[in-house]
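Quick caveat: nothing in here was measured; it's all calculated off a predicted structure. If you read the sequence from its start, that first residue is 1, and numbering goes on from there.
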Amino acid sequence: MTEKQQRFQDLHPDCFFLTADQPQQLTDFLRKYEWIADDEAVTLIEKPGEGNMNYVLRVRTDRQSFIVKQSRPWVEKYPQLDAPIERIVVEAQFYDAVSEVGELQDFIPALKGFRAEHFIMAVEDLGEASDFTNIYKKSGQISSTELADLVRFISGLHRVSTDEMREPFPDNHALKELNAEHIFNYPYLEENGFDLDTVQAGLQALALSYKQDKALKKRIESLGKTYLEQGNTLLHGDYYPGSWLRTTEGTKVIDPEFAYLGRAEFDLGVLVAHLKMAQTDDAVVEAGLAHYTHLGRNFDHALFAGFCGAEILRRIIGLAQLPLDLSLAEKGNLLAWAAESVLNPLANTFMQIRTSGISQSATFKNS
């Protein structure tokens with residue numbers, strides 16, 4: 001028994017532990033819950049990639065292929081970080097809710113099965129796919145068609161009628177608190193134990209002025225409080241290139257374990273933040289945002305700009321680093337832009353999405 005398995009089973013002794021190292025036990029589990037037939041042979045068990053939050057496997061049989069994933073009481077990529085194990089419940093309920101919306105169904109993998117007592121779910125295998133993290137490289141850019149798809153999805157998601165969900169959507173507060181720590185607090189601690197020079201020489205000194213900026217930190221703290229509030233819009237909660245997939249069937253969206261009911265400005269701010277870090281041309285971003293059709297009268301451009309700036313700051317001076325293809329000077333320019341978006345959001349004309357001609361009343365209903 002591995003150290004991870006022992007740790008898991010000490011906390012959850014009655015739960016099945018998902019691992020590629022015990023193929024017969026996994027086969028028995030799949031048959032028990034009728035995810036495969038009794039006479040169906042498992043031919044391959046493999047990791048489709050390294051998951052950030054959860055442990056993920058691809059299972060192939062002589063009849064089908066699907067993805068099995070389990071949440072553990074830690075972050076899979078950073079097992080030293082505790083995380084609420086119930087996040088898999090949020091992800092399963094998100095897929096269930098979105099699968100009822102015809103306009104959104106094709107963007108997500110179909111939910112095959114879910115066993116809450118084991119914190120395990122199975123979803124459709126999207127086949128050969130790659131995420132969008134290559135757009136952080138100067139040689140890899142997002143296409144206008146791909147961006148339009150991603151904005152249409154989030155626009156449709158934000159119009160889902162939560163009143164017609166089969167059951168109330170979880171508040172996901174424990175995972176939001178963990179996320180809030182890494183967005184709105186940890187990056188601004190001068191002594192947080194993370195030497196940014198191990199990421200890029202000179203980054204630690206560059207970050208210091210932002211860690212010491214009292215006005216910036218006060219505004220960031222306020223954004224964090226808003227983030228933790230309950231809202232009425234269904235959000236993906238982690239809408240960045242690692243959650244977007246290029247497949248043979250088009251653009252897909254995965255990993256909604258951070259989903260919650262909140263403010264639409266957060267999802268949009270995160271989206272734009274990552275496009276900025278990927279050095280996507282401003283004209284392409286603005287054209288893409290034109291496909292967002294849920295700009296209601298209560299949309300707060302300052303909040304949108306603030307969340308965008310906060311996401312850039314935490315990705316450059318926080319723990320959740322990205323494979324950015326940026327020089328130190330380029331990161332310095334981005335940090336300055338991000339801080340200005342937080343402190344003086346309405347002065348940033350780039351962050352003013354036009355609202356003329358946009359429907360403010362349409363909703364997608366779950367059928």
inquiry  = According to side chain to side chain contact (heavy atoms under 4.5 Å, CB included), who are the partners of Leu189, at least two apart in sequence or on a separate chain?
reply    = Asn185, Asn192
request  = Sequence neighbours left out, what passes side chain to side chain donor-acceptor pair (under 3.5 Å) with Ser130? Give chain and number order.
outcome  = none
query = Under the side chain to side chain donor-acceptor pair (under 3.5 Å) test, which residues partner Gln105, sequence neighbours left out?
reply = none
query = Members other than Leu11 in its cluster, when Ile, Leu, Val, Met, Phe, Trp, Tyr link by side-chain heavy atoms under 4.5 Å?
reply = none
Listed once per pair and sorted, the side chain to side chain donor-acceptor pair (under 3.5 Å) pairs that draw on residues 110-127, sequence neighbours left out = Tyr33-His118, Arg58-Asp125, Gln64-Lys112, Ser65-Asp125, Arg115-Glu117
message = Going by the rule ring-ring contact (aromatic ring centres under 6.0 Å, His included), which residues pair with Tyr95 if we only count those two or more places apart in sequence or in a different chain?
response = none
key: Listed partners of His182 passing side chain to side chain contact (heavy atoms under 4.5 Å, CB included), at least two apart   = Leu81, Leu178, Tyr186, Arg314, Leu319
key: Partner residues of Arg31 under the side chain to side chain donor-acceptor pair (under 3.5 Å) criterion, sequence neighbours left out   = none
request  = Give every residue pair that meets the side chain to side chain donor-acceptor pair (under 3.5 Å) criterion with at least one member in residues 245-263, sequence neighbours excluded.
outcome  = Lys69-Asp255, Asn134-Arg246, Glu146-Arg246, Arg263-Glu265
ask   = Roughly how far, to the nearest 0.5 Å, is CZ of Arg87 from CD of Glu91?
value = 9.5 Å
key: side chain to side chain donor-acceptor pair (under 3.5 Å) partners of residues 198-210, not counting sequence neighbours, each pair once   = Gln200-Lys331
Residues forming a side chain to side chain contact (heavy atoms under 4.5 Å, CB included) with Ala215, sequence neighbours excluded = Asp213, Leu343
remark   = Those residues at least two apart in sequence (or on a different chain) that pass side chain to side chain contact (heavy atoms under 4.5 Å, CB included) with Ser139 are Lys137
